[in-house]
Amino acid sequence: MIYPITVYGDPVLRKITTDLDENYKGLKQLVEDMFETMHNAEGVGLAAPQIGLTCRIFVIDLSALGEDEPTLKDFRKAFINPHIIEETGEKVLIEEGCLSIPGLREEVLRYSTVRIKYQDTDLKEYDEIFTGFPARVIQHEYDHLEGVMFVDYCSPLKKRILKGKLTDITKGQVTTSYRIKVPR
Ligand code: NI
């Protein structure tokens with residue numbers, strides 16, 4: 001099932017998400033729906049608030065980048081109840097976009113390495129370190145679980161410049177190849 005994607009201005013994107021408990025029903029289906037929704041929108045990552053949910057899940061699929069970067073060929077992962085333990089390394093400036101902020105891209109400064117604890121869809125636990133592009137996407141998606149969006153990192157001047165575009169997005173005045181849910 002393909003969900004409509006929530007966009008900037010929707011209060012659900014500002015909520016801090018909560019861990020799923022082990023009795024949660026339909027986790028595997030939900031994760032498959034998130035992958036399907038993300039692929040349909042040609043994204044590489046999607047977090048639960050982007051489909052209107054406040055549970056602690058995001059999915060990432062970097063396999064399409066495997067042609068240029070063979071190490072990413074098999075990178076298709078669901079992160080259930082993720083918690084970042086530490087961010088280390090240099091801070092790097094890279095341009096980002098977001099399915100919830102269509103048409104807008106800005107450079108964001110983030111750490112190059114992240115250590116994260118999470119579970120898979122069988123609730124098996126992992127404690128792993130990621131670097132490079134996976135670390136970048138993980139930090140972006142993780143922010144969604146904390147109610148943070150990449151434009152929050154922009155300077156006050158930049159924010160003033162972007163204000164009109166963000167207001168348009170909130171009103172649904174934006175063209176996308178995928179269905180969006182316009183905030184009330
Ligand atoms: Ni995003």
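Each ligand, and each atom within it, is numbered from 1 in the order the structure gives.
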Would you mind listing the cluster partners of Leu157? Hydrophobic ones only (ILVMFWY), side-chain contacts under 4.5 Å, chaining allowed.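 Via sub-4.5 Å side-chain contacts, Leu157 links to Ile161.
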Transitive ILVMFWY cluster of Leu109, excluding itself - 4.5 Å side-chain cut-off: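 Cluster partners of Leu109: Leu93.
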Can you confirm whether the side chains of [X] and [Y] place a donor and an acceptor under 3.5 Å from each other?
X      : Y      : value
Glu128 : Tyr118 : yes
Tyr126 : Asp120 : yes
Asp33  : Gln29  : yes

Less than 2.8 Å from the Ni ion (ligand 1) is the window; count the protein N, O or S atoms in it.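 My tally for this metal is 3.
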Can you give the donor-acceptor pairs under 3.5 Å from side chains of residues 164-171 to other protein atoms, not counting sequence neighbours?
residue : atom : partner : partner atom : Å
Thr167  : OG1  : Lys163  : O            : 2.8
Thr170  : OG1  : Tyr8    : O            : 2.8
Thr170  : OG1  : Leu166  : O            : 3.0

